[in-house]
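Start at 1 with the first residue, then count along the sequence.
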Amino acid sequence: MKIKKALLSIAVISTLCIQQLPAFGADNNFAQAVLNSASATETLIDVWAGESKVTPSLSTVGGKTGWVTDKSNNESAKNIYCNVDDSYLFNNVESIGVSDSKLKGDAVEVAVEYYDAPAGLFSIIYNSVNNSLGWEKHITEAEYPVELTGTNTWKTHTFRLYDTRFANELNGADFVIKTYDRGDTSVNNEDVEFRNMYYTAGDITFGSITVRKIPIVADFISGCVGNIFTGTGEKQVTVNFENTTNKTVNTTVSYELVSVQTNTAVWNSSLNETFYPNQTARKAVTIPFEKYGTYILKISTSAADGVVSTEREFECSVVVDNENVRDDRFGVNTHLWESLWGGGKYTETLTDLVANSGSGWIRDSVRWGDYEKNAGEYKIPDSAMNAIDTAISKGINVLMILHGTNDIYKGAESFPYSTDVLDEFELYCENIARDLTGKVEIFETINEYHWQSLGADYYIEVLKATYNGVKRGNPKAKIVGFDLALVPVSFMTQVAQKGGLQYMDAVSVHPYSTSGNPDVSPLIDNMQSLKSLIDTYGGNQEIWMTELGWSNSINDWYTGNVIEDFSYEEAAAWQIKAYAHTIGRGTADKLLIYDFMNDNYDYGGKESNYGMIESHYAEEGVPFAAQQEYVSAAFMTKMLADAVPGNYTFTNNT
């Protein structure tokens with residue numbers, strides 16, 4: 001198993017526990033439904049089949065009878081609804097005093113017994129103090145689903161949830177055992193449900209559902225965004241323990257620090273603790289971080305009989321301090337003010353993290369339709385202007401992409417723009433360049449235009465509109481042209497032969513490769529071909545790689561196929577190799593990695609998993625946690641930001 005896949009499991013182990021954990025003890029009460037007949041045997045929980053409460057179908061397999069779901073029936077038997085008795089759990093939330101008034105809910109285990117047939121996929125959606133689904137208040141999904149493996153045995157999967165609300169807000173239920181099918185995989189269907197759920201489907205037989213309160217809850221407080229520490233050595237952190245019971249609990253607390261790079265424990269400690277009824281206790285813990293890298297901190301508690309009552313795992317990392325480093329040859333792509341990155345809410349946090357990566361650039365955009373909402377009225381959104389100003393204040397340059405549709409003009413509702421609205425597009429370019437004078441001096445035109453297959457002649461017209469507009473708005477501004485994926489030399493040659501390079505002060509490409517490794521991918525040959533093209537038809541245009549990255553995706557949401565599957569370790573190493581090729585070999589003048597942060601809308605798909613850091617939306621993991629690529633970027637820029645390239649030797653793909 002690659003480290004990448006191991007870390008995907010580690011990141012959410014606090015939510016999902018594959019094995020069935022032991023009971024907390026004979027005196028620990030629970031809520032349970034045994035699904036051995038159409039009328040389930042229920043203790044402190046009410047269960048029903050489907051939203052419309054249909055009579056459940058029964059199946060006897062492996063010597064046991066259970067409820068079997070019907071994946072073809074969306075509104076009735078596809079899912080199982082569960083409502084825990086309010087006397088056991090109900091709306092037990094309180095403010096924990098943080099700035100966003102986030103609520104703290106109950107910590108519970110939900111153990112689901114199921115028959116492991118050859119095909120099937122299920123998860124739970126539950127009434128939470130959070131709201132990861134967006135379409136209904138206080139509803140969250142356990143991030144990674146359970147996939148049946150075909151052992152033809154009864155198994156139990158235990159979901160550990162630390163943010164439950166359980167106020168009967170999910171159609172009268174507290175949580176739903178939800179099954180999935182492949183759904184509609186149409187590329188153009190924007191209503192595809194749970195795009196990361198494209199696995200083989202099947203009806204599933206469930207035997208029982210058991211809910212228990214977790215008696216001791218541990219929370220790791222590092223004091224650092226994303227648990228990202230700067231500098232090696234001892235770090236003192238705080239662990240909050242909460243005894244959720246009305247009894248005194250004597251327990252052994254164990255700590256273990258695991259290096260993700262080596263998948264081995266590098267430090268551990270344990271001590272005996274006593275937690276009194278309903279007590280919240282803060283414990284100071286000193287952790288020795290001897291090397292830069294990414295880590296998992298494991299925290300567990302066990303009673304005298306060895307029964308585990310808490311098992312949490314937290315991502316953390318150690319990076320070099322880059323307070324005064326900004327590498328003008330290196331940068332990252334961002335979406336600072338777009339909704340999928342919080343709509344500007346996390347600008348201060350994200351720009352701090354970008355700065356400490358040593359990046360000298362961010363690449364972002366103010367789309368046409370967001371800038372001109374009424375014809376002739378131009379205004380940069382406040383969240384975008386704040387992000388631009390914040391980045392600049394931290395010594396980070398901004399490369400602005402000029403693109404986007406605009407519904408107020410016929411012909412601009414979707415790309416490509418009609419020649420009838422190129423004048424309006426040119427005015428967009430002119431006004432935004434004027435508004436950003438003194439802040440943004442370099443603009444890039446039309447992200448990956450060539451996918452539209454409109455040919456070189458039309459592209460030159462779009463490029464000319466961009467160039468003329470920007471130069472009127474700010475004569476000192478520079479235009480980066482092409483901005484094309486996979487280095488399409490043939491198309492670029494057509495543009496160059498028709499005089500298109502006169503409208504570019506620099507050229508940019510996105511040299512992604514399915515092989516990933518810059519040493520063996522077509523990257524070098526393609527970039528040399530581009531350089532030859534510039535030498536033949538151009539002037540002194542710089543060459544920028546404005547997108548290059550490696551997705552750590554599980555699957556492609558359109559097809560369900562496993563794709564690329566690059567590990568975090570590979571991405572970290574290839575980033576340094578790409579920098580060496582760019583700067584040391586002179587392949588390009590600047591390298592901007594795509595993407596800085598994982599997007600929040602699709603945990604499983606390719607497009608959302610290019611980030612150096614985890615999404616702010618990682619409710620079951622650690623928001624903003626660093627991946628190895630972030631650690632390596634910070635170290636690389638620290639060492640090489642001011643380096644002058646010498647002789648370059650390339651032998652045997654190294």
Next on the checklist: Before you tell me yes or no, could you show the steps for W368 and Y409 under ring pair (Phe, Tyr, Trp, His ring centres under 6.0 Å), namely the whole-Å CA-CA distance, both residues' side-chain angles and the distance that decides it to 0.1 Å?
Outcome noted: CA-CA 11 Å; W368 183 11; Y409 294 115; 5.7 Å; yes
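- Between N609 and S551, the side chains place no donor N or O within less than 3.5 Å of an acceptor N or O (distance only, hydrogens not considered).
- The pair K590-D328 meets the salt-bridge criterion, with a side-chain N (NZ, NE, NH1 or NH2) lying under 4.0 Å from an Asp/Glu carboxylate O.
- Across all non-hydrogen atoms, the minimal contact from A641 to D327 is CA-OD2, 3.5 Å.
- For P518 against K577, the heavy-atom pair with the smallest separation is CG-CB, 4.2 Å.
- Put simply, the side chain of W341 reaches to within 4.5 Å of the side chain of M597, judged on heavy atoms.
- The OG atom of S317 sits 13.5 Å away from atom CZ of F624, with the distance rounded to the nearest 0.5 Å.
- You'll find the side chain of T546 stays beyond 4.5 Å of the side chain of Y594, heavy atoms only.
- Two residues are said to be in side-chain contact when any heavy atoms from C-beta on lie closer than 4.5 Å; V398 and W361 fail this criterion.
- Considering L591, N333, I593 in turn, N333 is the only one that fulfils the side-chain contact (heavy atoms from CB on, under 4.5 Å) rule with E547.
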Checklist entry - For D483 and H510, what are the C-alpha separation, side-chain angles and deciding distance, and is it a side-chain hydrogen bond (donor to acceptor under 3.5 Å, both in side chains)? => result CA-CA 7 Å; D483 193 13; H510 307 161; 2.6 Å; yes
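- For the residue pair T230/N356, the side-chain donor-acceptor check at 3.5 Å is not satisfied.
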Next on the checklist: Apply side-chain hydrogen bond (donor to acceptor under 3.5 Å, both in side chains) to residues T637 and N322 and explain how you reach the verdict.
Outcome noted: CA-CA 8 Å; T637 55; N322 269 349; 3.1 Å; yes
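- Contact of the K471 side chain with the K476 side chain is not registered, since no non-hydrogen atoms from C-beta on lie closer than 4.5 Å.
- A pairwise comparison of heavy atoms in S357 and S359 identifies OG-OG, 2.8 Å as the closest pair.
- A distance of 13.0 Å separates NZ of K464 from OH of Y459, quoted to the nearest 0.5 Å.
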Item to check | Criterion salt bridge (charged side-chain N to carboxylate O under 4.0 Å, His left out) on E348 and K394, from CA distance to verdict | outcome: CA-CA 10 Å; E348 191 73 33; K394 296 175 183 178; 2.9 Å; yes
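- More than 12 heavy atoms of other residues, nucleotides or ligands lie within 6.0 Å of CD in Q502, so this atom counts as buried by the packing criterion.
- Between E377 and K373 there is no salt bridge, since no side-chain nitrogen of the basic residue lies less than 4.0 Å from a carboxylate oxygen of the acidic one.
- Considering all non-hydrogen atoms of both residues, I543 and L530 come closest at CG2-CD2, 3.8 Å.
- Remark: E426 CD to N431 CG distance equals 11.0 Å, nearest 0.5 Å.
- Between W574 and F566, the distance from one ring center to the other falls under 6.0 angstrom.
- You'll find the side chain of T587 reaches within 4.5 Å of the side chain of M545, heavy atoms only.
- In this structure, the side chains of Q627 and N598 come closer than 4.5 Å at one or more pairs of heavy atoms.
- For K531, the NZ atom is loosely surrounded, since the number of other residues' heavy atoms within 6.0 Å does not exceed 12.
- A donor-acceptor pair under 3.5 Å is absent between the side-chain atoms of W544 and the main chain of L592, judged by distance alone.
- With hydrogens and angles left out, the side-chain atoms of Y371 and D435 include a donor and acceptor closer than 3.5 Å.
- The shortest non-hydrogen separation linking P645 to R329 is CD-NH1, 4.1 Å.
- Between N374 and I408, every side-chain heavy-atom pair lies at or beyond the 4.5 Å cut-off.
- A distance of 9.0 Å separates SG in C429 from CZ in F443, rounded to the nearest 0.5 Å.
- Here I380 contributes atom CD1 and N386 contributes atom CG; the two are 12.0 Å apart, rounded to the nearest 0.5 Å.
- A side-chain donor from one of Q575 and S632 sits under 3.5 Å from a side-chain acceptor of the other.
- Considering every non-hydrogen atom in both V487 and M492, the closest pair reads CG1-CE, 3.8 Å.
- Annotation: D535, atom CG; neighbour count of heavy atoms from other residues, nucleotides and ligands within 6.0 Å is above 12.
- Under the 4.5 Å side-chain criterion, counting only non-hydrogen atoms from C-beta, F330 is not in contact with L640.
- A salt bridge links K498 with D457: the distance from a Lys NZ or Arg NE/NH1/NH2 to an Asp or Glu carboxylate oxygen falls below 4.0 Å.
- Rounding to the nearest 0.5 Å places CG of N397 at 12.5 Å from CD1 of I388.
- Counting heavy-atom neighbours within 6.0 Å of F635 CZ, excluding the residue itself, gives a total of 12 or less.
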